[in-house]
Number of protein chains: 2
Amino acid sequence: MSQDHYTLKDIAKILKLSPSTVSRALRDSHEISDETKRLVLDFATKVNYRANPLARGLKERKSYSIGIVVSEIANNFFSQVIDGIESVAYDKNYQVVISQTNESAERERFHVEHFYSRSMDGLLMAMSSESSDTAYLEGMIKKGMPIVFFDRVPATLQSHRVITDNKRAAYEGVQFLVKKGCKRIALLSSSKKLSNSKERLEGFKLGLISQHLEFDEKLVQYCEYGGLKQSEIDQAINHLAELDYDGIFLSGDKLTTGYLQALRRNVRLAKKPIEIVGFTNSNLVDIFSPGITAIRQSAFEMGKRAAELLIEQIEQRGKETNFKTVVLPVELIEREM
Amino acid sequence: MSQDHYTLKDIAKILKLSPSTVSRALRDSHEISDETKRLVLDFATKVNYRANPLARGLKERKSYSIGIVVSEIANNFFSQVIDGIESVAYDKNYQVVISQTNESAERERFHVEHFYSRSMDGLLMAMSSESSDTAYLEGMIKKGMPIVFFDRVPATLQSHRVITDNKRAAYEGVQFLVKKGCKRIALLSSSKKLSNSKERLEGFKLGLISQHLEFDEKLVQYCEYGGLKQSEIDQAINHLAELDYDGIFLSGDKLTTGYLQALRRNVRLAKKPIEIVGFTNSNLVDIFSPGITAIRQSAFEMGKRAAELLIEQIEQRGKETNFKTVVLPVELIEREM
DNA sequence: ATGAAAGCGCTAACAA
DNA sequence: TTGTTAGCGCTTTCAT
């Protein structure tokens with residue numbers, strides 16, 4: 001009861017042992033007698049001893065912390081991913097430190113470097129839509145910082161990655177639209193820089209081809225910020241309004257919800273109901289109006305897998321790693337009648 | 001270019017100074033000549049020197065990290081709060097470490113104690129709905145751990161708190177329903193243990209009284225887990241279905257969305273459209289169907305204010321604090337016609 | 001204005 | 001099996 005925080009030294013003094021013995025006993029070293037171990041462990045439990053993580057980290061060059069870099073925390077998809085990450089980190093005794101870039105490449109770089117200098121054990125990140133220069137990331141990796149990318153991944157880096165089967169998802173989405181009778185399908189897409197946008201575009205095209213439909217570049221609108229700004233969505237929709245289309249594929253979460261919101265505000269568009277398929281991880285699709293068919297990514301699972309891979313890599317301590325790309329399926333949630 | 005990480009010692013050696021001089025120069029101490037400062041600073045910038053936070057923390061007994069304890073990360077409200085927290089923490093150079101309790105009192109306690117032993121500089125937390133014993137929190141506070149509570153706050157602790165003006169919000173909600181012609185208003189509420197539930201209940205009653213309507217306990221349903229489980233909502237709604245009511249007040253985010261989802265699945269209830277007012281921080285209310293009037297909390301602002309208060313308290317280093325309760329307004333977003 | 005030295009709490013090489 | 005010692009990178013008295 002005498003004090004708040006016991007240190008190794010304190011315990012050693014009280015038990016008349018040396019700090020190193022206590023340290024070893026606590027870490028269950030084989031070179032400590034069972035008797036001593038018991039003594040130390042019992043006492044440590046009694047006073048609720050906790051090693052000071054700062055001291056330990058300083059010594060071991062390890063902080064038991066992993067950093068997350070995403071564009072936005074308050075986002076269905078990312079918050080579900082973070083949920084998954086947290087769930088495994090918690091089990092494996094790692095802290096999770098978050099940061100957001102708001103899609104700015106500069107902020108992204110700042111955070112990554114900050115994490116590096118904060119001696120994080122590893123990083124989990126989804127690229128910001130603005131990012132193009134990944135050279136500094138390559139540098140980080142060379143310096144030995146384990147990074148696992150998810151969802152939006154850079155093209156060439158030597159690292160684990162966990163992604164969605166975007167091509168297939170888009171392909172299936174188109175199949176669905178065609179089955180519903182659509183002949184001229186529009187596409188609302190994010191920045192072409194993003195890996196996932198590119199893959200979805202590809203799947204979209206393949207889907208059309210497989211149905212003997214022509215890909216019409218005019219029916220495609222790109223939103224540089226992935227719909228972060230409603231204005232870019234409004235603009236895109238206004239462009240599309242000039243044309244004829246009977247179905248639309250929304251290639252991102254914000255694009256999907258932004259499109260629906262635009263519909264609500266724009267009578268001209270609301271008049272001709274069309275078939276809508278869109279990526280979204282909102283838990284509330286079933287109460288959306290108009291009803292849409294949702295493509296839902298395995299967000300929680302993505303966080304889990306990414307965190308597992310990262311921690312595995314961290315604990316290998318720079319041993320040669322066989323980098324994996326985990327591809328996760330989507331779920332197609334059909335619009336209710 | 002010669003090495004990755006420069007330490008103070010490295011710099012000292014290269015510049016032929018002592019580590020202490022370098023340290024002082026970097027911290028802009030007055031007892032260092034301008035010339036030396038310039039020399040050190042320039043070199044530090046050149047090699048992109050970053051103090052090792054572990055070492056610094058060990059020495060200063062400060063980790064520049066704050067912990068967040070919430071029930072659920074993937075939740076509109078909480079993720080918006082976290083967004084606010086992150087935004088000020090970033091500015092003030094604090095790391096943000098997250099944890100979630102899934103409404104379990106046990107996990108909550110675990111996380112708080114874990115954070116304590118990890119030498120976090122302070123904590124931001126919203127109580128889990130299951131929590132009743134707050135004695136251990138009092139202990140934490142006595143031990144000198146700064147804790148700022150937000151949204152769901154314990155009754156009596158000596159600490160800053162940032163909350164929503166729940167009483168007023170519920171009061172206004174009832175006013176709105178009555179203005180729309182409702183005479184018998186039902187209430188779907190969370191656990192009575194939660195501070196915010198209690199306040200909302202109170203405001204609800206006051207609202208009725210002010211309109212000379214009677215408070216009918218039968219029209220109130222409590223969901224112990226705040227709607228975390230859809231089953232409890234379904235059950236509550238089934239109870240209400242036996243009764244006659246022409247308006248409903250939904251006293252929590254999950255309750256609101258859960259109610260709408262239940263409506264979708266239950267034809268019996270969907271048949272009689274009633275006026276709905278509910279708390280929710282979803283950004284998508286405008287595309288909900290049926291349309292509802294939303295009470296939106298100042299989530300981002302709440303995170304900001306809580307983080308500011310916490311960091312202020314941390315940097316006062318145990319000086320006598322004048323504990324504040326910040327009360328934030330809600331926004332009533334009227335259902336569109 | 002600068003340096004030497006101690007120490008934060010821990011681990012680990014080396015000694016005994 | 002246990003103890004001694006040095007050192008992780010930093011700050012901070014106390015000297016100079």
Side-chain angles (χ1 to χ4, degrees), chain A residues 3-41 43-44 47-65 93 116-121 144 315 317, chain B residues 3-41 43-44 47-65 93 116-121 144 315 317:
Chain A
Q3 50 183 299
D4 269 9
H5 260 126
Y6 282 79
T7 69
L8 274 188
K9 246 199 226 164
D10 295 335
I11 298 186
K13 202 174 293 171
I14 295 172
L15 262 34
K16 297 192 196 313
L17 289 167
S18 80
S20 51
T21 302
V22 176
S23 169
R24 282 187 274 241
L26 288 170
R27 334 189 88 245
D28 201 29
S29 160
H30 61 273
E31 45 186 5
I32 298 293
S33 73
D34 288 352
E35 197 189 358
T36 310
K37 275 185 193 168
R38 174 152 322 287
L39 179 70
V40 172
L41 244 61
F43 186 78
V47 300
N48 193 26
Y49 168 79
R50 306 276 143 182
N52 178 322
L54 265 42
R56 165 112 77 116
L58 180 57
K59 181 69 196 176
E60 291 189 330
R61 320 199 119 62
K62 191 156 174 1
S63 61
Y64 282 93
S65 311
N93 264 299
Y116 178 67
S117 73
R118 278 255 185 177
S119 48
M120 288 285 149
D121 295 342
E315 305 200 329
R317 285 269 187 186
Chain B
Q3 50 182 297
D4 271 9
H5 258 124
Y6 283 79
T7 69
L8 273 189
K9 245 199 229 167
D10 295 333
I11 298 186
K13 202 174 292 173
I14 294 172
L15 262 34
K16 297 192 194 313
L17 290 166
S18 78
S20 46
T21 304
V22 176
S23 170
R24 282 186 276 241
L26 288 171
R27 332 191 90 245
D28 202 27
S29 159
H30 60 274
E31 45 185 5
I32 298 292
S33 74
D34 288 353
E35 198 189 357
T36 310
K37 275 186 194 169
R38 174 152 322 287
L39 179 70
V40 172
L41 244 61
F43 186 76
V47 301
N48 193 27
Y49 169 78
R50 307 274 143 184
N52 179 322
L54 265 42
R56 163 114 74 118
L58 180 58
K59 184 68 197 180
E60 292 187 331
R61 319 198 118 62
K62 192 158 174 358
S63 62
Y64 282 94
S65 310
N93 264 299
Y116 178 67
S117 72
R118 277 254 187 180
S119 50
M120 289 286 150
D121 295 341
E315 305 201 328
R317 285 268 187 187

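Just so we're on the same page: letters track the sequence lines, and every chain starts at 1.
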So CG of A/Leu54 and CG of B/Leu54: to nearest 0.5 Å the spacing works out to 5.0 Å
Between NZ of B/Lys37 and P of C/dT2 the distance, given in whole Å, is 10 Å
Find the distance B/Glu31:CD to D/dT13:P and express it as a whole number of Å.
-> 10 Å
One should read off an interatomic distance between B/Leu39 CG and B/Lys16 NZ, to the nearest 0.5 angstrom, of 11.5 Å
Give each protein N/O atom lying under 3.5 Å from an N/O atom of nucleotides 6-9 of chain C, with the pair distance.
{"from": "C/dG7", "atom 1": "N2", "to": "B/Lys59", "atom 2": "NZ", "distance (Å)": "3.0"}
{"from": "C/dG7", "atom 1": "N3", "to": "B/Lys59", "atom 2": "NZ", "distance (Å)": "3.4"}
{"from": "C/dC8", "atom 1": "OP2", "to": "A/Lys9", "atom 2": "NZ", "distance (Å)": "3.4"}
{"from": "C/dC8", "atom 1": "O3'", "to": "B/Arg61", "atom 2": "NH2", "distance (Å)": "2.7"}
{"from": "C/dG9", "atom 1": "OP1", "to": "B/Arg61", "atom 2": "NH2", "distance (Å)": "2.5"}
{"from": "C/dG9", "atom 1": "N2", "to": "A/Ala55", "atom 2": "O", "distance (Å)": "3.3"}

Overall bend - the helix from C/dA1-D/dT16 to C/dA16-D/dT1, comparing terminal axes fitted on five pairs, nearest 10 degrees | 40°
Determine yes or no for a side-chain-to-main-chain donor-acceptor pair under 3.5 angstrom, with A/Ser63 supplying the side chain and A/Gly57 the backbone.
-> no
Phosphate OP1/OP2 of C/dA4 contacted by B/Ser18 side-chain N/O (<4.0 Å) = no
Answer yes or no: is there a side-chain heavy-atom contact under 4.5 Å between A/Arg118 and B/Tyr64?
-> yes
Would you mind reading off the distance between B/Lys13 atom NZ and D/dG9 atom C1', rounded to a whole angstrom?
-> 13 Å
Among all residues two or more places apart in sequence or in another chain, which pass the side chain to side chain donor-acceptor pair (under 3.5 Å) test with B/Ser23?
-> none
Compute whether any side-chain donor of one residue and acceptor of the other, for B/Arg50 and B/Asn48, lie under 3.5 angstrom apart.
-> yes
Would A/Leu17 and A/Val40 satisfy side chain to side chain contact (heavy atoms under 4.5 Å, CB included), going step by step from the backbone distance to the final call?
-> CA-CA 9 Å; A/Leu17 289 167; A/Val40 172; 3.8 Å; yes
Rounded distance in Å - CG (A/Leu26) to P (C/dA12) | 13 Å
CD1 of A/Ile32 to CZ of A/Arg24: how many Å apart, nearest 0.5 Å?
-> 5.5 Å
Would you indicate what A/Arg27 reaches in the nucleic acid, counting non-hydrogen atoms under 4.0 angstrom: base, sugar-phosphate, or nothing?
-> sugar-phosphate
hbond_proxy A/Ser20 side chain to D/dT4 base (donor-acceptor, 3.5 Å cutoff) = yes
In whole angstroms, the gap separating C1' of C/dA1 from CG of B/Leu39 amounts to 14 Å
Protein-nucleotide distance (B/Leu17, atom CG; D/dT11, atom C1'), rounded to Å | 16 Å
Rounded to whole angstroms, how far apart are NZ on B/Lys62 and C1' on D/dC10?
-> 15 Å
Is the shortest side-chain N/O distance from B/Thr36 to OP1 or OP2 of C/dT2 below 4.0 Å?
-> yes
Closest nucleotide of DNA chain C for B/His30 versus for A/Arg24: which of these residues is on the 5' side?
-> B/His30
Carboxylate-amine/guanidinium proximity below 4.0 Å for B/Glu31 and B/Lys37 = no
When you check the phosphate oxygens OP1 and OP2 of C/dG3, does a side-chain N or O of B/Thr21 lie under 4.0 Å from one of them?
-> yes
